[in-house]
Student: 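So that we are looking at the same thing, I have put the structure below in structure tokens.
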Amino acid sequence: LNVFGDYGFILAVSMTFSIIIDMGTNQIIMREIARNRNLTQEIFSAGLILKAFFSIVCFSLIVITIHLTSDSQELIYSAYICALAIVVFMMGDIFDDIFKAYEKMEYSAYLKIIEETTYILGIIVVVFFDFGLNGVFLALLFTYMVRIGFGFATVSKKFFSPRIRLDMPTIKWIFKDVKLSQPTIFS
């Protein structure tokens, strides 16, 4: 309980900057795949590349903020783990977007159940073995890695084989929509 303030601070900083990773891409990906399922692979690839770019920006801002505000090594390491967990979570949202675009909400529900169950089990392990603040964020990171693994496996088996291709026209098209959606993001 004595590190609860550190936990809250790390989460507040990480969640504040996490909006950068999405920037409206989730809604745009869902909308465009729902409109034209023949372009799913291209939209998936472009969305993932944009999210990767935004993730680098987000992670960098979290690292800079933590280093400017704290010199505690444990807090800094925990913030790195949390930032990485947030990045993995937001990258994994692309699979949930596909489930929603294809109107297969049962897979979204499975994804959420697996995520919550894994996190609860992870926290039980952290508490039982007293892994501390780093352990809490490692449980979060592990949970989101399981989530992205389940999403990838499900999309691969039920929808299409996800591949990353550098398709600049599609990336520019999605990015243009992201830029146009910024006023609604910040309102």
Side-chain angles (χ1 to χ4, degrees), residues 1-30 44 47-100 108 111-152 164 174-175 178-179 181-187:
L1 201 57
N2 57 349
V3 293
F4 186 71
D6 292 342
Y7 172 79
F9 174 69
I10 292 167
L11 270 183
V13 169
S14 297
M15 295 310 249
T16 299
F17 290 117
S18 71
I19 192 170
I20 293 170
I21 300 173
D22 180 22
M23 294 292 286
T25 54
N26 289 340
Q27 290 76 18
I28 293 165
I29 290 167
M30 277 187 283
F44 168 83
L48 202 60
I49 289 169
L50 281 173
K51 281 179 171 271
F53 171 75
F54 293 143
S55 293
I56 292 168
V57 173
C58 174
F59 190 86
S60 300
L61 288 171
I62 292 170
V63 167
I64 290 167
T65 302
I66 291 297
H67 278 281
L68 289 174
T69 57
S70 177
D71 43 350
S72 164
Q73 286 299 9
E74 182 181 13
L75 189 131
I76 290 170
Y77 292 145
S78 295
Y80 288 169
I81 297 167
C82 182
L84 187 58
I86 297 297
V87 166
V88 171
F89 175 81
M90 298 300 272
M91 295 294 282
D93 268 355
I94 199 160
F95 299 111
D96 196 36
D97 298 341
I98 292 166
F99 301 151
K100 292 173 183 172
S108 288
L111 199 63
K112 191 66 174 169
I113 291 167
I114 288 169
E115 175 188 333
E116 297 300 326
T117 304
T118 305
Y119 191 55
I120 289 170
L121 294 174
I123 292 299
I124 290 170
V125 169
V126 167
V127 169
F128 185 76
F129 290 106
D130 194 24
F131 288 142
L133 191 59
N134 285 339
V136 171
F137 290 116
L138 282 170
L140 192 65
L141 176 60
F142 177 74
T143 296
Y144 295 155
M145 290 171 71
V146 168
R147 177 181 184 260
I148 208 168
F150 175 79
F152 180 82
I164 299 174
I174 300 292
F175 185 70
V178 168
K179 285 184 357 185
S181 71
Q182 284 181 1
T184 59
I185 291 170
F186 295 114
S187 63

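If you're wondering where the values come from, they're calculated on a predicted model, not measured in any experiment.
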Student: Under the salt bridge (Lys or Arg N to Asp or Glu O under 4.0 Å) definition, can you give me all pairs with a residue in residues 49-58, not counting sequence neighbours?
Tutor: none
Student: Please report the shortest heavy-atom distance between Thr118 and Val146, naming the atom on each side.
Tutor: OG1-CG1, 4.0 Å
Student: Just to verify, what does Ser70 make a side-chain hydrogen bond (donor to acceptor under 3.5 Å, both in side chains) with, not counting sequence neighbours?
Tutor: none
Student: For Phe150, which residues count as a ring pair (Phe, Tyr, Trp, His ring centres under 6.0 Å) partner, sequence neighbours excluded?
Tutor: none
Student: If you compare all heavy atoms of Gly122 against all heavy atoms of Ala139, which two are closest, and at what distance to 0.1 Å?
Tutor: C-CB, 3.9 Å
Student: CD1/Ile114 to NZ/Lys112 distance, rounded to the nearest 0.5 angstrom?
Tutor: 12.5 Å
Student: Pairs under 3.5 angstrom only: tabulate donor-acceptor contacts from the side chains of residues 76-87 to other protein residues two or more places apart or in another chain.
Tutor:
from	atom 1	to	atom 2	distance (Å)
Ser78	OG	Glu74	O	2.9
Ser78	OG	Asn134	OD1	2.4
Tyr80	OH	His67	NE2	2.5

Student: Distance from Asp97 atom CG to Gln27 atom CD, nearest 0.5 Å?
Tutor: 7.5 Å
Student: By the side-chain hydrogen bond (donor to acceptor under 3.5 Å, both in side chains) test, which pairs, at least two apart or in different chains, include something from residues 54-63?
Tutor: none
Student: Check side-chain contact (heavy atoms from CB on, under 4.5 Å) between Val13 and all other residues, then give those that pass, not counting sequence neighbours.
Tutor: Phe9, Phe17, Ile62, Thr65, Ile66
Student: Hey, what do you get for CD1 (Ile94) to CG (Asp22), rounding to the nearest 0.5 Å?
Tutor: 10.5 Å
Student: Just grab all the side-chain hydrogen bond (donor to acceptor under 3.5 Å, both in side chains) pairs involving residues 120-133, residues at least two apart or on different chains.
Tutor: none
Student: Minimum heavy-atom separation for Leu75 to Ile10, with atom names?
Tutor: O-CD1, 3.7 Å
Student: List the atom of Met145, the atom of Val88, and the distance in Å for their closest heavy-atom pair.
Tutor: N-CG1, 3.9 Å
Student: What residues form a ring pair (Phe, Tyr, Trp, His ring centres under 6.0 Å) with Phe129, not counting sequence neighbours?
Tutor: Phe131
Student: Go through the structure and list residues passing side-chain hydrogen bond (donor to acceptor under 3.5 Å, both in side chains) with Asp93, not counting sequence neighbours.
Tutor: Asn26, Arg147
Student: Sequence neighbours excluded, which residues qualify as side-chain contact (heavy atoms from CB on, under 4.5 Å) partners of Ile124?
Tutor: Ile120
Student: So which heavy atom on Met90 is nearest to which on Ser18, and how close?
Tutor: CE-O, 3.5 Å
Student: For the residue pair Leu141 and Phe137, establish whether any side-chain heavy-atom pair is separated by less than 4.5 Å.
Tutor: no
Student: Any side-chain heavy atom of Phe142 within less than 4.5 Å of one from Leu138?
Tutor: no
Student: Check ring pair (Phe, Tyr, Trp, His ring centres under 6.0 Å) between Phe95 and all other residues, then give those that pass, not counting sequence neighbours.
Tutor: Phe44
Student: Below 4.5 Å, heavy atoms only, C-beta onward: do Asp96 and Met30 meet side chain to side chain?
Tutor: no
Student: Looking at CD1 of Ile148 and CD of Glu115, how far apart are the two atoms once the value is rounded to the nearest 0.5 Å?
Tutor: 11.5 Å
Student: Nearest 0.5 Å, please: how far is CG in Leu121 from OG1 in Thr143?
Tutor: 8.5 Å
Student: So which atom in Leu111 and which in Gly151 form the shortest heavy-atom distance, rounded to 0.1 Å?
Tutor: CD1-N, 4.0 Å
Student: Measure the spacing between OG of Ser108 and CD1 of Ile113 and express it to the nearest 0.5 Å.
Tutor: 11.0 Å
